[in-house]
Novice: 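Below is one structure. I have some questions about it.
Positions are given from 1, in the same order as the sequence printed here.
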Amino acid sequence: MNCSVKRFFSGLIFDGLMPIAAALLIAALIWHANPPKDLSYTIPPAGAVHTQRIASYRTEEQINEAIKLAAPAKTGYSVMEAEPEAATLAEEQPDPLEEGYKDLMAHTSVSSKGQSALDSMGLTTSQDDTIMLLAKLIYSEAGPNKLDQLMAGSVVLNHVYSDEFPEIHSLIDAIIAPRHYACWPYMIKNRVPSAEAIESAKQVLSGRFPIPANIIFQAAFRQGTGGTFMKVDNKQFGHCFYNNYYCYNDELSAADRYGNPAGTEAELIALAEVFHQEDIANGIVSVEA
């Protein structure tokens, strides 16, 4: 090979490959200095605020992980966020059920008719009796599934907080109000709620199921001027229970009764399944339920 040819190939290698090698070196340095963000979901460390939406869980493993993360939340912030898991931090957190009860009592002023209704059942406005009253309503109104129980319990509490019912200032007054609940007085007075209904009452009162604040209609037919937020198909469970429509007036609220972000239909359906799995894990219902 003559000298001119050698010089040609040497120049080609030096002039052509060296810039490529330099570019690769620069890219590697940039990559090392600014690694790409990990887009996969990881559990946050203890004390971190968890904002992963429950509705994103799809596999059985992810649902089981969601059960751990769907810890009771305070009524002072979004219930779609989970509590820190560290034991030391958990000890500092107030009881969400107690906080939810206190908030309800802050909105409560029982009428004389309401007081008579409580007396007829041997109930008071204590925390335990409030849970029992809410469980009686849930057991009488909802179909045999967790989602309907949580929705029915949430709607009656929305009645207490809603400006659309200025005459209602307590849970019992929301239940006995004319044309509100056909299950009053006979079913609510006489039926003993199931363990699942009692647990659903606790989950609702704790502020763990954030339905929009203006969902105030629950019936076997559509109501309201705004639309239907959710239809719960109870007939799929092989029972004679009718379907329940959950409706609202005007535009759907983006906040729950505490002013926190409300869940979407998909999020609440997924969250109800998480609570159902919690009930199974805690022995409240059987696996077949």
Novice: For a quick test of reading the model, state the closest non-hydrogen atom pair linking A174 to V160 and the distance between them.
Specialist: CB-CG2, 4.2 Å

Novice: Between S140 and L137 (side chain of the first, backbone of the second, donor and acceptor by atom type, cut-off under 3.5 Å), is there such a pair?
Specialist: no

Novice: Given 3.5 Å as the limit, does a donor-acceptor pair link the side chain of N214 with the main chain of N249, or not?
Specialist: yes

Novice: Could you check whether any side-chain N or O of D256 sits under 3.5 Å from a backbone N or O of I211, counting only pairs where one atom can act as donor and the other as acceptor?
Specialist: no

Novice: With heavy-atom distances below 4.5 Å as the criterion, would you say the side chains of I269 and M230 are in contact?
Specialist: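 Sidechains of M230 and I269: in contact.
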
Novice: Which atoms form the tightest heavy-atom contact between A262 and A255, and what is the distance?
Specialist: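 Minimum heavy-atom separation between A262 and A255: CB-C, 3.7 Å.
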
Novice: For side chain to side chain contact (heavy atoms under 4.5 Å, CB included), just list the numbers for F229 and T264, CA-CA rounded to whole Å, side-chain angles, deciding distance to a tenth of an Å, and then say yes or no.
Specialist: CA-CA 9 Å; F229 175 76; T264 64; 5.7 Å; no

Novice: Could you tell me which non-hydrogen atom of A177 sits nearest to which non-hydrogen atom of I168, and how far apart they are?
Specialist: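 Smallest heavy-atom distance, with atoms named: CB-CD1, 4.1 Å.
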
Novice: Checking E251 now: which residues fulfil side chain to side chain donor-acceptor pair (under 3.5 Å) with it, not counting sequence neighbours?
Specialist: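 Side chain to side chain donor-acceptor pair (under 3.5 Å) check on E251 returns nothing, list empty.
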
Novice: Could you please spell out the steps behind the side-chain hydrogen bond (donor to acceptor under 3.5 Å, both in side chains) verdict for Q115 and D119?
Specialist: CA-CA 6 Å; Q115 188 60 55; D119 293 341; 3.1 Å; yes

Novice: What's the verdict on side chain to side chain contact (heavy atoms under 4.5 Å, CB included) for Y181 and V156, showing C-alpha distance, side-chain angles and the deciding distance?
Specialist: CA-CA 10 Å; Y181 291 101; V156 70; 3.3 Å; yes

Novice: State the CG-OG1 distance between N244 and T228, to the nearest 0.5 angstrom.
Specialist: 11.5 Å

Novice: What pairs meet the ring-ring contact (aromatic ring centres under 6.0 Å, His included) rule with one or both residues in residues 98-119, with sequence neighbours excluded?
Specialist: H107-Y161

Novice: Show your reasoning for whether side-chain hydrogen bond (donor to acceptor under 3.5 Å, both in side chains) applies to E98 and Q127.
Specialist: CA-CA 8 Å; E98 183 178 347; Q127 180 172 316; over 6 Å; no

Novice: Which heavy atom of A197 sits nearest a heavy atom of A135, and at what distance?
Specialist: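 Closest approach of A197 to A135, heavy atoms only: O-CB, 3.8 Å.
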
Novice: Would you call S111 and H169 a side-chain contact if the rule is heavy atoms closer than 4.5 Å?
Specialist: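 Counting from C-beta outward, S111 and H169 never come under 4.5 Å.
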
Novice: Which heavy atom in R208 sits nearest to a heavy atom in L271, and how many Å separate them?
Specialist: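 For R208 and L271, the tightest heavy-atom pair comes out as O-CD2, 3.3 Å.
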
Novice: Considering only NZ, NE, NH1 and NH2 on the basic side and carboxylate oxygens on the acidic side, decide whether E278 and K146 come within less than 4.0 Å.
Specialist: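 No.
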
Novice: Which heavy atom of L104 sits nearest a heavy atom of T108, and at what distance?
Specialist: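 For L104 versus T108, the nearest heavy atoms are O-OG1, 2.7 Å.
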
Novice: Is the ring pair F165/H159 parallel, tilted or perpendicular, if the boundaries are 30 and 60 degrees?
Specialist: tilted

Novice: Find the distance between CG (L171) and CD1 (I176) and round it off to the nearest 0.5 Å.
Specialist: 10.5 Å

Novice: Can you tell me how far the CD1 atom of I198 sits from the CD atom of Q203, to the nearest 0.5 Å?
Specialist: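 Taking CD1 in I198 and CD in Q203, the distance rounds to 12.0 Å.
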
Novice: Less than 4.5 Å apart, side chain to side chain, heavy atoms only: is that true for D148 and Y246?
Specialist: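 Result yes, sub-4.5 Å side-chain heavy-atom pair found.
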
Novice: Is the count of non-hydrogen atoms from other residues, nucleotides or ligands lying under 6.0 Å from K113 atom NZ greater than 12?
Specialist: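 Open: at most 12 neighbouring heavy atoms sit under 6.0 Å from NZ of K113.
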
Novice: Taking the side chain as every heavy atom from C-beta outward, state whether Y186 and R191 have any atom pair closer than 4.5 Å.
Specialist: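 A side-chain contact is absent here, since even the closest heavy-atom pair is not under 4.5 Å.
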
Novice: Can you find a pair of side-chain heavy atoms, one from P185 and one from N190, that are under 4.5 Å apart?
Specialist: no

Novice: Evaluate the side chain to side chain contact (heavy atoms under 4.5 Å, CB included) criterion for residues N243 and F221: first the C-alpha distance (whole Å), next the side-chain angles of each, then the deciding distance (0.1 Å), finally the verdict.
Specialist: CA-CA 8 Å; N243 298 328; F221 49 89; over 6 Å; no

Novice: List the steps, then state whether side chain to side chain contact (heavy atoms under 4.5 Å, CB included) holds for M121 with M132.
Specialist: CA-CA 11 Å; M121 293 182 286; M132 180 55 65; over 6 Å; no

Novice: Can you tell me if D279 uses its side chain to pair, donor with acceptor, with the backbone of I284 under 3.5 Å?
Specialist: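 No, D279 side chain to I284 backbone: no donor-acceptor pair under 3.5 Å.
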
Novice: Taking side chain as C-beta onward, heavy atoms only, is Y139 less than 4.5 Å from I188?
Specialist: no

Novice: Are any non-hydrogen side-chain atoms of T124 and L118 less than 4.5 angstrom apart?
Specialist: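 T124 does not reach L118 side chain to side chain.
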
Novice: Quick check on N282: does its CG atom have over 12 non-hydrogen neighbours (other residues, nucleotides or ligands) under 6.0 Å away?
Specialist: yes

Novice: The criterion is side chain to side chain contact (heavy atoms under 4.5 Å, CB included); which residues satisfy it with D250, sequence neighbours excluded?
Specialist: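 Expected list: T225.
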
Novice: Is the backbone N or O of P212 less than 3.5 Å from a side-chain atom of N158, with the two atoms forming a donor-acceptor pair by type?
Specialist: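 Here the side-chain-to-backbone pair exists.
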
Novice: Could you measure the distance from the NZ atom of K231 to the OH atom of Y245? Nearest 0.5 Å is fine.
Specialist: 4.0 Å

